[in-house]
Structures are given as C-alpha cells and as structure tokens.
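For reference, the structure discussed in these notes is given below.
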Amino acid sequence: MPKSNDQQPTVMQEHERQLYAWLAQIPRGSVVTYGQLARLIGHPKGARWVGRQLGRLPADSTLPWHRVLNARGASSLPLDARGSNRQLRRLQREGVLVVDGRVALARYRWVP
DNA sequence: AGGGTGGCTATTG
DNA sequence: CCAATAGCCACCC
C-alpha cells in the first residue's frame with residue numbers, strides 16, 4: 001500500500017483552484033478587492049498571495065484579473081510608459097467609472 | 001532552513 | 001483626507 005498522499009491536492013493547490021474559479025465569476029463592470037478574494041477562497045489572510053498569483057497569470061489569460069483592486073478601490077499596478085494604468089483603462093472600457101484613479105467600491109463591488 | 005519581500009489591510013493619530 | 005505602523009504569510013531565493 002502506498003504511504004504517500006501525493007494524490008491529494010495540497011491546501012495551497014486547492015486555494016489556487018478556488019481563486020481561478022472565483023475570479024472567472026466576476027461579472028463585467030464589477031470589481032472585487034484582493035482581501036475579499038482571499039476570504040472567498042478560504043485564505044482570509046492571503047490578500048498578498050492573491051496579488052502575487054494574479055501577477056503570474058499568463059499574458060494571454062482570459063481571466064478578468066483587472067477586476068481586482070486594492071482596498072481603496074485603486075489599482076496597485078505600476079503605470080505604463082505613458083503614465084497611465086492598463087488595469088484602469090480596461091475597467092473603463094467595460095463601463096466602470098474611474099475618478100482620481102479610483103473606483104467607488106460601494107457602487108462597483110461584486111458581492112456574490 | 002532562514003530571512004527578505006510583496007499587485008495587502010486595518011488601525012491609529 | 002494622509003502617513004505611519006504593525007500584522008500578515010506563501011514565495012523565493
């Protein structure tokens with residue numbers, strides 16, 4: 001009888017799975033925060049980890065990584081060469097109002 | 001194996 | 001409103 005448990009997903013692998021599952025659910029024109037996503041996947045202190053995972057998504061990913069903002073409703077991504085923010089541009093393109101580099105979470109936050 | 005590092009956050013002044 | 005602070009914890013050398 002094998003003694004290893006290497007068929008069972010690890011906790012983090014399961015969190016990762018959940019992360020992509022939830023991410024895919026965020027509707028166009030809505031946003032969530034890193035901390036919110038962390039809680040949804042059952043890793044309440046993992047906001048930072050969530051951000052790191054999103055940063056690792058392949059460039060051609062169809063997942064809506066741009067709908068994840070920080071707790072202030074701002075983007076945590078660096079500005080591009082033109083001094084504008086790719087994430088916020090994408091959000092605007094789907095109808096999200098951005099004022100002063102921020103999105104009103106009270107209005108746009110997706111609550112499952 | 002140990003310590004620095006974040007696409008973070010809540011709290012306080 | 002802003003800034004400083006102190007938690008956080010998986011990841012990555």
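Values below: every heavy atom of this structure, side chains too, minus hydrogens, waters and symmetry copies. To find a chain, count down the sequence lines: A is the first, B the second, and so on, and within it residues start at 1.
At the heavy-atom level, A:G35 lies under 4.0 Å from the strands shown only through sugar-phosphate atoms.
Near-neighbour residues of DNA chain B inside residues 57-72 of chain A, defined by a heavy atom below 4.0 Å, number-ordered: A:W65, A:V68, A:N70, A:A71. Residues from residues 17-24 of chain A lying near DNA chain B, meaning a heavy-atom separation below 4.0 Å, are absent. Applying a 4.0 Å cut-off to non-hydrogen atoms, the residues of residues 83-112 of chain A that approach DNA chain B are A:Q87, listed by residue number.
Separating the CZ atom in A:R102 from the CZ atom in A:R72 is a distance of 5.5 Å, to the nearest 0.5 Å. With rounding to the nearest 0.5 Å, the separation of CH2 in A:W110 from CH2 in A:W22 is 5.5 Å. Rounded to the nearest 0.5 Å, atoms CG (A:N70) and OG1 (A:T33) are 8.5 Å apart. We find the NE2-CD distance between A:H15 and A:Q13 to be 11.5 Å, quoted to the nearest 0.5 Å. The distance from the OH atom of A:Y20 to the CG atom of A:L54 is 7.5 Å, given to the nearest 0.5 Å. Here the straight-line distance linking atom CG of A:L37 with atom CD1 of A:I26 works out to 5.5 Å at 0.5 Å rounding.
Closest heavy-atom contact between A:L63 and A:A24: CD2-CB, 3.8 Å. Scanning all heavy atoms of the two residues, the minimum distance from A:Y34 to A:A47 falls at CB-O, 3.8 Å. Taking every heavy atom of both residues into account, A:Y108 and A:G95 meet most closely at OH-O, 4.1 Å. When every heavy atom of A:L23 is checked against every heavy atom of A:L57, the shortest pair comes out as CD2-CD1, 4.2 Å.
Checking A:E16, A:M12, A:R48 one by one against A:Q53, the side-chain contact (heavy atoms from CB on, under 4.5 Å) holds for a single residue, A:E16. Of the candidates A:R89, A:Q87, A:R86, A:E94, A:H66 forms a side chain to side chain donor-acceptor pair (under 3.5 Å) with just one, namely A:E94.
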Give me the distances for all protein-to-nucleotides 8-12 of chain C N/O pairs that come in under 3.5 Å?
| from | atom 1 | to | atom 2 | distance (Å) |
| --- | --- | --- | --- | --- |
| C:dA10 | O3' | A:W49 | NE1 | 2.9 |
| C:dC11 | OP1 | A:W49 | NE1 | 3.2 |
| C:dC11 | O4' | A:R52 | NH1 | 3.3 |
| C:dC12 | OP1 | A:R56 | NE | 3.1 |
| C:dC12 | OP1 | A:R56 | NH1 | 2.8 |
| C:dC12 | OP1 | A:R56 | NH2 | 2.0 |

Below 3.5 Å is the cut-off: list the nitrogen or oxygen pairs between protein and nucleotides 3-5 of chain C, distance only.
none

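In DNA chain C, runs of at least 3 stacked Watson-Crick or G-U pairs (N1-N3 plus N6-O4 or O6-N4, or N1-O2 plus O6-N3, all under 3.5 Å) give these stems: B:2-6 with C:9-13, B:8-13 with C:2-7.
Side-chain N or O atoms of A:D80 include one that pairs as donor or acceptor with a backbone N or O of A:R82 at under 3.5 Å.
The phosphate of B:dC8 (OP1 or OP2) has a side-chain N or O of A:S76 nearer than 4.0 angstrom.
Straight-line distance from the CG atom of A:L79 to the P atom of B:dG7: 15 Å, rounded to whole Å.
Counted by atom type alone, A:H43 and A:Q18 present zero donor-acceptor pairs between their side chains at under 3.5 Å. Counted by atom type alone, A:Q36 and A:R109 present one or more donor-acceptor pairs between their side chains at under 3.5 Å.
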For this session: Please report the C-alpha distance between A:V50 and A:I41 in whole Å, then the side-chain angles of each, then the deciding distance to 0.1 Å, and finally whether the side chain to side chain contact (heavy atoms under 4.5 Å, CB included) criterion is met.
Result: CA-CA 10 Å; A:V50 168; A:I41 68 176; 4.3 Å; yes
Exercise. Given A:V32 and A:V111, is the side chain to side chain contact (heavy atoms under 4.5 Å, CB included) satisfied, shown in steps?
Worked result: CA-CA 8 Å; A:V32 297; A:V111 184; over 6 Å; no
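When the P atom is used for both C:dT5 and B:dG7, the distance is 22 Å, rounded to whole Å.
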